[in-house]
Amino acid sequence: MLDECIDRRFAREFGELEVRTVPEMGWAGIKNGELMKLAEPEFDVFLTVDRNLSYQQNLSKYAIALLVLKARSNRYIDLIPFAAPLLRSLDNARNGEALLITID
């Protein structure tokens, strides 16, 4: 699931993977804690650029992995280079943990 702060066009970068956005799910405007509760039964991974989210929430209580992109901005053009590293990182994503995705 893509956080609402991520450009929805970024979902195109994941090929055959099923990707939904927070607004598509009807969850726009919902606070992060509640959003994580809603997402955990539906999704394996919650993707965001909000680096503070992993510090604001007790991730260990959620059955969903948090992936955080260390991007310059949430603009589509700045997110595109993260697609391949993100896909490679999916195998390392663990429920209740945050994984920071960076590019060189």
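Hydrogens, waters and symmetry mates are skipped; everything else that's a heavy atom, side chains included, is used.
Rounded to the nearest 0.5 Å, atoms CZ (Arg94) and CG (Leu66) are 14.5 Å apart. Interatomic distance, CG of Asp7 versus CD of Glu13, reported as 10.0 Å (0.5 Å rounding). To the nearest 0.5 angstrom, Leu69 atom CG is 9.0 Å from Leu2 atom CG. Rounded to the nearest 0.5 angstrom, Met36 CE and Ile64 CD1 are separated by 5.5 Å. Here Ile103 contributes atom CD1 and Ile101 contributes atom CD1; the two are 11.0 Å apart, rounded to the nearest 0.5 Å. To the nearest 0.5 Å, atom OG of residue Ser54 and atom CD of residue Glu97 are 11.5 Å apart.
Both Leu47 and Leu79 are assigned to one and the same hydrophobic cluster, defined by single-linkage of ILVMFWY side chains at heavy-atom distances under 4.5 Å. Leu100 and Leu90 fall into different hydrophobic clusters, defined by Ile, Leu, Val, Met, Phe, Trp and Tyr side-chain heavy atoms under 4.5 Å apart, directly or through other members. Under the 4.5 Å side-chain contact rule for hydrophobic residues, Val49 and Leu53 do not share a cluster. Put simply, Leu35 and Val45 are part of two different groups of oily side chains (I, L, V, M, F, W, Y) that touch within less than 4.5 Å, one to the next. Hydrophobic clustering (side-chain heavy atoms under 4.5 Å, transitive across Ile, Leu, Val, Met, Phe, Trp, Tyr) keeps Val22 apart from Leu17.
Residue pairs meeting the salt bridge (charged side-chain N to carboxylate O under 4.0 Å, His left out) criterion with at least one partner in residues 37-59, sequence neighbours excluded, do not occur; the list is empty. The ring-ring contact (aromatic ring centres under 6.0 Å, His included) analysis of residues 8-38, with sequence neighbours excluded, yields the pairs Phe10-Phe14. Within the structure, ring-ring contact (aromatic ring centres under 6.0 Å, His included) pairs that include any residue of residues 41-81 do not occur (at least two apart or interchain). Legend: ring-ring contact (aromatic ring centres under 6.0 Å, His included) pairs involving residues 82-104, not counting sequence neighbours: none detected.
Listed here is the closest heavy atom pair of Asn95 and Ala65: OD1-N, 3.6 Å. The minimum heavy-atom distance linking Leu99 with Ala93 is given by the pair CD2-N, 4.3 Å. Taking all atoms of both residues into account, the shortest heavy-atom contact from Ser60 to Asn58 is OG-OD1, 2.7 Å.
Taking the salt bridge (Lys or Arg N to Asp or Glu O under 4.0 Å) definition, one finds that Arg72 meets it with nothing, sequence neighbours left out. For Asp3, the salt bridge (Lys or Arg N to Asp or Glu O under 4.0 Å) test picks out no residue, with sequence neighbours left out.
Counting only distance, with no hydrogens or angles, the side chain of Glu4 and the backbone of Thr21 share no donor-acceptor pair below 3.5 Å. Put simply, the side chain of Asp78 never gets that close to the backbone of Ala71: no donor and acceptor are under 3.5 Å apart. Side chain of Ser89 to backbone of Asn92: no donor-acceptor contact under 3.5 angstrom is found.
Taking the side chain as every heavy atom from C-beta outward, Thr102 and Pro85 never approach each other to under 4.5 Å. Between Val19 and Met1, the closest side-chain pair of non-hydrogen atoms is not below 4.5 Å.
No more than 12 heavy atoms of other residues, nucleotides or ligands sit less than 6.0 Å from atom CD of Glu18.
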